[in-house]
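For reference, the structure is listed below as structure tokens.
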Amino acid sequence: MAEDIEAKLKRYKTAPFDSRFPNQNQTKNCWQNYVDFHRCQKAMAAKGADAAPCQWYYRVYKSLCPTSWVTTWDEYREEGTFPGKI
């Protein structure tokens with residue numbers, strides 16, 4: 001499985017189509033991948049496992065989300081006021 005993820009990451013160029021978000025507005029897709037990335041990192045750290053599979057979410061949210069949003073969300077997480085459940 002790890003080889004499959006690594007192969008996909010090497011071929012990755014931009015966020016692929018996600019049927020959960022079929023509309024042109026990708027705001028929710030951005031948000032969901034940001035939250036999924038941090039959930040994945042937290043879960044992998046708790047298991048003591050390698051967090052390499054989490055890089056998929058990271059690349060997708062980096063490609064979709066404006067930098068100002070990510071910066072704000074990172075600040076909220078550091079302050080403990082982030083509105084999402086991570």
Side-chain angles (χ1 to χ4, degrees):
M1 173 145 175
E3 295 87 24
D4 293 340
I5 292 171
E6 289 176 15
K8 285 181 181 180
L9 285 174
K10 287 179 184 175
R11 291 190 318 264
Y12 180 86
K13 290 188 176 35
T14 187
F17 177 74
D18 188 339
S19 61
R20 296 175 299 166
F21 310 102
N23 299 321
Q24 191 171 10
N25 186 344
Q26 292 295 299
T27 303
K28 193 167 186 177
N29 192 356
C30 157
W31 168 264
Q32 190 61 54
N33 280 286
Y34 180 84
V35 171
D36 286 347
F37 170 70
H38 292 287
R39 284 182 185 159
C40 179
Q41 278 198 317
K42 185 177 178 181
M44 293 299 201
K47 292 180 183 178
D50 182 29
C54 303
Q55 290 304 306
W56 174 261
Y57 300 115
Y58 175 80
R59 289 183 175 193
V60 171
Y61 92 71
K62 280 292 191 182
S63 122
L64 291 174
C65 301
T67 307
S68 61
W69 292 4
V70 174
T71 304
T72 302
W73 295 339
D74 288 341
E75 289 171 3
Y76 288 164
R77 280 188 317 103
E78 289 170 11
E79 296 168 359
T81 59
F82 185 73
K85 293 181 182 178
I86 294 178

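Computed from a prediction, not measured in an experiment: that's the story for all the values here.
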Exercise. Cluster question for you: counting only ILVMFWY and a side-chain heavy-atom cut-off of under 4.5 Å, with indirect links fine, are Phe82 and Trp69 together?
Worked result: yes
For this session: Applying side-chain contact (heavy atoms from CB on, under 4.5 Å), run through Phe37 and Lys62 and close with a yes or a no.
Result: CA-CA 11 Å; Phe37 170 70; Lys62 280 292 191 182; over 6 Å; no
Problem set entry | Heavy-atom closest contact (Cys40 atom, Pro53 atom, distance) | SG-C, 4.5 Å
Problem set entry | Rounded distance [0.5 Å steps], CD in Gln41 versus OH in Tyr58 | 9.5 Å
For this session: Enter the distance from Lys28:NZ to Gln26:CD here, rounded to the nearest 0.5 Å.
Result: 12.0 Å
Exercise. Which heavy-atom pair separates Ser68 from Thr72 by the least distance, and what is that distance?
Worked result: O-OG1, 2.8 Å
Problem set entry | Inter-residue atom distance Asn33.CG - Cys65.SG, 0.5 Å rounding | 7.5 Å
For this session: Look up atom CD1 in Ile86 and atom OH in Tyr34, then write down how far apart they are to the nearest 0.5 Å.
Result: 6.0 Å
Exercise. When rounded to the nearest 0.5 angstrom, what distance separates CZ in Arg39 from SG in Cys54?
Worked result: 12.5 Å
Exercise. Does Trp73 have its ring centroid less than 6.0 Å away from the ring centroid of Trp31?
Worked result: yes
For this session: Give, for atom CG of Leu64 and atom CD of Gln32, the distance between the pair rounded to the nearest 0.5 Å.
Result: 12.0 Å
Exercise. Do you know the tightest heavy-atom contact between Asn25 and Thr27?
Worked result: OD1-OG1, 2.6 Å
Exercise. Hey, mind stepping through Tyr61 and Asp36 against side-chain contact (heavy atoms from CB on, under 4.5 Å) and telling me if it holds?
Worked result: CA-CA 9 Å; Tyr61 92 71; Asp36 286 347; over 6 Å; no
Seminar exercise, completed: Taking every heavy atom of Val35 against every heavy atom of Lys85, the minimum-distance pair comes out as CG1-O, 3.9 Å
